[in-house]
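Numbering of ligands and ligand atoms starts at 1, following listing order. The first residue of the sequence shown is numbered 1, and numbering continues consecutively from there.
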Amino acid sequence: MGYDASNPMKDRITDVGPRDYKEFLPPVIKRNFGKWLYHEILEPGVLVHVSAAGEKVYTVRVGGARLMSITHIREICDIADKHCDGYVRWTTRNNIEFMVDDEAKLKPLMEDLEKRKFAGGSLKFPRGGTGAGLTNIVHTQGWLHCHTAATDASGVVKAVMDELYDDFGRMRFPAHVRISLACCLNMCGAVHCSDIAILGVHRKPPMVDNEYLANMCEIPLAVAACPTGAIKPATVEGKKSVAVNDEKCMYCGNCFTMCPSMPLADEEGSGVAILVGGKLSNRISVPMFSKVVVPFLPNEPPRWPQTVEAIKKILYTYVEDAKKYERLGDWAARIGWERFFEKTGLPFTEHLIDDYRFAYTTWRTSTQFKF
Ligand code: HEM
Ligand code: HEM
Ligand code: SF4
Ligand code: SF4
């Protein structure tokens, strides 16, 4: 029976949860589940896992744009049907992995993937994303779908990956480099824990639509949304509204999230900040937050040249200078942040000095530093 709008609860199915992942495991994975002995990276984008029973599974990892059409997904399914008995998976960084159980099937799969291009010339399925190199950029909605964005997601990611493309397909870095992007400081995703992070930021306080604010917003919610206490309830021309203390506002946009009558996105005001040195793993050093090193670069659609340049400068200075296994944050911590700024040539400005609440611990309470 089709959906009946006059009887919405009839035949309603709910709380069934996701499908059980075991329904979709390739047979070789199912047979050897929990019995893997070791793995090797055969070449960039190609892995082999060997099980206790001596079975092998070969994985070919290719880049995905994350945002994709059903047409593209159908093409992925066609490839999986042709080479992988209909099985395929996505990674936690939105790469796509095709698996085969026989080395003989590997080459035809890779050759098939390599030759597929979009009409504009971009590779549909570039191989890579493994080992100590570059992998996909975890990113968000941007101007495509979110109302709180200070920058775009898909556009910036495409511009950055185009420039760094060669390193998606090779493994010559000291350690993994994780780049991520969030289009506002809700930070959906991983910007606060990535080697390099691109973050959409505003530079102007919200505009207040006094006319309709009381109708549109729960005023106490907007007041409580502000991390710096910049908002207070106010009566403006006889109407209930809010007043923003611009001196206290740091343009986080959280009040707009709560209250549609406080928009703050601005063509010149909004742009991106760059953070570096975060990591999530516990390998050698503990997980780290990324730190702001570039306070602002303008939005420059469609290719964001200044943002791309800054990222290249940071990334390749690290690649040249760091020791094996050092993540970007490990490297910066070892050489000291003053050396980081010296080597990358990035200007250090007052914007980078923490001034939020217990900021004190981020200042230097030591005479140990390098001139
Ligand atoms: C003000 C708060 C938020 C609003 C209004 C919002 C709104 C939305 C909307 C409209 C979509 C698109 C849904 C669709 O495509 O049909 C979406 C998708 C999504 N949101 Fe949010 N969101 C918010 C906060 C967050 C946060 C904090 C996170 C991170 C934990 C998040 C993660 C995501 C993800 C991962 C998607 C799917 C993206 C994809 O297409 O791959 N959102 N959100
Ligand atoms: C495994 C993934 C993640 C880890 C390990 C992680 C870790 C952390 C940690 C340790 C904090 C500091 C908490 C504190 O100050 O007490 C934090 C804060 C935060 N994280 Fe994450 N996080 C993850 C994923 C996310 C995601 C997906 C989002 C996007 C919605 C997110 C958004 C935030 C925000 C907005 C804060 C600041 C919260 C606040 O100060 O009120 N995190 N995260
Ligand atoms: S980071 Fe901000 S702007 Fe981007 S999708 Fe998340 S909430 Fe929206
Ligand atoms: S933008 Fe952020 S800091 Fe400014 S008033 Fe709104 S909530 Fe407060």
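The distance between the ring centers of Tyr58 and His49 does not fall below 6.0 angstrom. Under the 6.0 Å cut-off for aromatic ring centres, His72 and Phe125 qualify, their centroids lying closer than that.
Listed by chain and number, the residues in a side-chain hydrogen bond (donor to acceptor under 3.5 Å, both in side chains) with Thr317 amount to none (sequence neighbours excluded). Residues satisfying the disulfide bond (SG atoms under 2.5 Å apart) criterion with Cys217, sequence neighbours excluded, are Cys259. Applying the side-chain hydrogen bond (donor to acceptor under 3.5 Å, both in side chains) criterion to Lys313, with sequence neighbours excluded, gives no partner residue.
Taking all heavy atoms of Cys188, Gly189, Gly200 into account, the minimum distance to atom 6 (Fe) of ligand 3 is reached by Cys188. The option with the heavy atom closest to atom 8 (Fe) of ligand 3, from among Cys146, Gly142, Ala149, Ala150, is Cys146. Here the shortest heavy-atom distance to atom 2 (Fe) of ligand 3, taken over Ala265, Cys184, Ala182, belongs to Cys184.
Both the sub-6.0 Å distance and the 45° axial angle are not jointly satisfied by Arg19 relative to the ring of Phe24.
Excluding waters, the set of protein N/O/S atoms under 2.8 Å from atom 4 (Fe) of ligand 4 reads Cys249 SG.
Applying the 4.0 Å criterion to heavy atoms of Thr148 picks out, from ligand 3, the atoms 2 (Fe), 3 (S), 7 (S), 8 (Fe). Close approach of ligand 3 to Asn186 (heavy-atom distance below 4.0 Å) involves ligand atoms 2 (Fe), 7 (S). Remark: ligand 3 atoms within the under-4.0 Å shell around heavy atoms of Gln141 are 5 (S).
Using modelled atom types, one finds no donor on one side chain facing an acceptor on the other under 3.5 Å when comparing His192 with Ser290. Side chain to side chain, Arg66 and His139 meet the donor-acceptor criterion of an N or O pair below 3.5 Å.
Between the side chain of Tyr318 and the backbone N or O of Glu326, at least one donor-acceptor pair lies under 3.5 Å.
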